[in-house]
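In what follows, a structure is listed as structure tokens, so that the remarks can point back to it.
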Protein chains: 2
Amino acid sequence: MSRTGSRTTGRPTLAEVARLSGVSPITASRALRGVSTVAPALAEKVMAAAASLGYIANPAARALASARSHSVVVLIPSLSNQLFIDTLEAIHEVMRPRGLEVLIGNYHYDIAEEENLIRNYLAYQPCGMLLTGFERSEGSRLLLNASQVPRVHMMELGGEAGALSVGFSQFEAGRAAARHLLQRGRRRLAFIAAQLDPRVMQRAEGFRQALVEAGLQATELEVLDPQPSSIGLGGELFSRLLAKAPDVDGIFFCNDDLAQGAVLQALREGIEVPRRVAMVGFNDLPASAHMVPPLTSIRTPRAAVGRSAAQALLGLLDGKRVGAEQQDLGFELMVRESS
Amino acid sequence: MSRTGSRTTGRPTLAEVARLSGVSPITASRALRGVSTVAPALAEKVMAAAASLGYIANPAARALASARSHSVVVLIPSLSNQLFIDTLEAIHEVMRPRGLEVLIGNYHYDIAEEENLIRNYLAYQPCGMLLTGFERSEGSRLLLNASQVPRVHMMELGGEAGALSVGFSQFEAGRAAARHLLQRGRRRLAFIAAQLDPRVMQRAEGFRQALVEAGLQATELEVLDPQPSSIGLGGELFSRLLAKAPDVDGIFFCNDDLAQGAVLQALREGIEVPRRVAMVGFNDLPASAHMVPPLTSIRTPRAAVGRSAAQALLGLLDGKRVGAEQQDLGFELMVRESS
DNA sequence: GCGTCCTGAGACAGCGCTACCTTAGTGACC
DNA sequence: GGTCACTAAGGTAGCGCTGTCTCAGGACGC
């Protein structure tokens, strides 16, 4: 069989399964989809026939006929952050056993790129979408609303009425970091943030709020850099901050890689952590517990967010909209030697 | 018109584009696909009509009619390794501008899971596949050969005759690590490996070979652990090795995260690097240059592998099989203070 | 002037599946 | 006993595209 020019796939089709099991194609279709109106005995016969032929439904034909695919689109702002990898992995674990394909779109923290991805992925007629947070372009919003595709938002809570979200309060996480440092007796508190996506800004806001409550706000100790977060940048921003404000005694880093870079930079410069300056990171990436000294960090439930968001979406697909609109999975302060 | 719209997508169709531009649907189809037999003037009219309607071709209908989709399947053994993230990103950069969807399959270093993924993804009638290395199950091999889907292998070189591969010699990389340590005057050389996938074993083999050539082979200094590679494991294996063989003066780690863990462990234990023991990592992950001391590592062309593999696949799809069967992109030893 | 080639355009017929409607068969109910 | 739900199966007709064949018309050669 030559590949080019052949219009058929060469794979077994539903019609063959039907013939082999002695039923009509439509009954075979229903049996394989688990539609309840098929007698158990027949269904079993169809399953057996399908298995013996190695039949796998053609997703293109299926999508065309039913005007919806068995794909779920996940849009995330970055792949280079371990955070989203863990979330993705958990989503896969929920979706694959249900026969749902996961299409991953990385929009590189660019809402215009996200809009393009949405436009393109909607052509695939996904049965659901998992989105990161709530900030998006007006065009994206229009596309999503017009499409009526069920969706769940991840990582942040809130959003417009009726929106399902699974995550935790980024604001409270930032506040918790500040409170911890205050509890440790630190008074000149700084925060260092990069990337400056909405979630980072919410954490920063929470941190600020705690300082205001303690009467210790110090806007001159806020370092906000729009560059992507990285270990190198963390070291750099840390050095710069210390040069500018040598009396800083506690720092909250809005991402763990920044904090890791700072810990390493402190080692190089002989700055004692936490004696001279305490450090708190965010996300509790695997490396943080192994830093010297081990890094205090806020552990975020990234796998759980993926899992719960996927399950919430499955609930929407099944029509049974279970649970609260906002699922707060919380976070955990992992206190280690850096603070 | 049927009563319910549930079978239709609600999106503009090719027929509407054709109507608006005053040509037949098939001509519109050809114009939008860039088939050359359409007069430029007509083609332009069709493009304009499509743009004004916001037309996006229905991939399901397209795949069904032509028995092949516009998807490319990429199978990788892990997502938690930054290595493959960079490769994936590069693949996306080549494929997306060509209108090709990238389907990512993570088989978690499990060739049985890979076989399942292949079986499922073949149902999507991908126009091409990018595979990692050459080790796979017999079932996978049969499926791939039966499917005739064009494919390119990444990361390793070689494979059966006619196979296209883009990567570098893992063996030579391991050998280069050993030679570097020998050049530095180290004589009691160990290697520490985890995960033990085929590429790790090839690097180990190259390392061994260099030691044999130098008459310094020491099988008692080989640490092979099947667990997934991680920072924590690196520190652990390093401590264990040093307890068992205190005279070790150089170590090659088959993955950078192992090496990073070891550097940090050495810091904690007060073991001087490189004075007492020199260290060389593999992959040159972003964090390695920021370790204390900065880690010597072998930089692998992971983004270039993705890019070139994607381009080689595009070449296959266009029928012009360009370049060599094996594209060796080499590697680079990044010498830093740890050795 | 006639046949041949070539080119650009269209007609037609599905690709493999499922939504929708219809039909046979079952028991429930008055 | 007849009507009425109600269920389980099948028939029919597409979903929105594209491969293949066909055809009109111009260029070209003898």
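First the proteins, then the strands, lettered A, B, ... as listed; each starts at 1.
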Q. Hey, does the side chain of A:Ser21 reach the backbone of A:Lys45 with a donor-acceptor pair shorter than 3.5 angstrom?
A. no
Is B:Glu16 paired with B:Arg19 through a side-chain N to carboxylate O contact shorter than 4.0 Å?
no
From the list B:Thr132, B:Leu313, B:Val102, side chain to side chain contact (heavy atoms under 4.5 Å, CB included) partner of B:Val74 resolves to B:Val102
message = Tell me whether the side-chain N/O atoms of A:Ser24 come closer than 4.0 Å to OP1 or OP2 in D:dA9.
response = no
Handout entry: OP1 or OP2 of C:dC15 under 4.0 Å from side-chain N/O of A:Thr9
Key = no
(message) If you compare every side-chain N and O of A:Ser29 against the phosphate oxygens of C:dT18 (OP1, OP2), does one of them come in below 4.0 Å?
(response) yes
The nucleotide from D:dC17, C:dA9, C:dC17 with an atom nearest the side chain of A:Thr13 is C:dC17
From the candidates C:dT18, D:dT18, D:dA9, the one with an atom nearest any side-chain atom of A:Leu42 is D:dA9
Contacts of B:Val38 and A:Ile26 projected onto DNA chain C by closest heavy atom; the upstream (5') one is B:Val38
Kindly say if A:Arg68 contacts the phosphate of C:dC17, meaning a side-chain N or O under 4.0 Å from OP1 or OP2. no
Checklist entry - Where do A:Leu144 and A:Leu131 land on the side-chain contact (heavy atoms from CB on, under 4.5 Å) test, with the steps shown first? => result CA-CA 11 Å; A:Leu144 289 171; A:Leu131 304 169; 3.8 Å; yes
Which of A:Leu83, A:Ile85, A:Leu329 passes side chain to side chain contact (heavy atoms under 4.5 Å, CB included) with A:Arg302? Answer is A:Leu83
To the nearest angstrom, the CG-P distance between B:Leu64 and D:dG19 comes to 12 Å
In whole angstroms, the gap separating C1' of C:dA19 from CZ of A:Arg62 amounts to 14 Å
*asked:* Ignoring hydrogens and geometry beyond distance, is a side-chain donor-acceptor pair present between A:Glu101 and B:Asn120 at under 3.5 Å?
replied: no
When every non-hydrogen atom of B:Val38 is compared with those of B:Ala43, the smallest separation belongs to CG1-N, 3.9 Å
Rounded to whole Å, the CG-P distance (B:Leu14 to D:dC15) equals 13 Å
If each end axis of the helix from C:dG1-D:dC30 to C:dC30-D:dG1 is fitted on five C1' pair positions, the angle between them, to 10 degrees, is 50°
Taken to the nearest 0.5 Å, the spacing of B:Ser165 OG from B:Glu160 CD works out to 11.0 Å
**D:dC17 phosphate, OP1 or OP2, under 4.0 Å from B:Arg11 side-chain N/O** = no
Per atom distances to the B:Thr8 side chain, the nearest of D:dT18, D:dG16, D:dG10 is D:dG16
| message | Is the ring pair A:Phe134/A:His153 parallel, tilted or perpendicular, if the boundaries are 30 and 60 degrees? | response | parallel
Of the candidates D:dG19, C:dG10, C:dC17, the side chain of A:Ala61 sits closest to C:dC17
Minimal heavy-atom distance between A:Ser71 and A:Leu103, with the atoms involved, is CB-CD1, 4.0 Å
Per atom distances to the B:Arg33 side chain, the nearest of D:dG10, D:dC15, D:dG19 is D:dG19
Q) Do you see a donor-acceptor pair shorter than 3.5 Å between the side chains of B:Arg33 and B:Ser29? A) yes
Side-chain contact check for B:Ser66: nearest option of C:dT18, D:dA8, D:dG19 is D:dG19
Expected list for residues 45-58 of chain B near DNA chain C, using heavy atoms below 4.0 Å, is none
Does the D:dG10 base have a donor-acceptor partner in the side chain of A:Arg30 within less than 3.5 Å?
yes
Nucleotide N/O of nucleotides 25-27 of chain D paired with protein N/O under 3.5 Å:
none

_What I want to find out is whether A:Arg136 reaches A:Glu115 closely enough, with some N-O distance under 4.0 Å, to be called a salt bridge._
no
The nucleotide from C:dG14, C:dG8, C:dG16 with an atom nearest the side chain of B:Ala65 is C:dG14
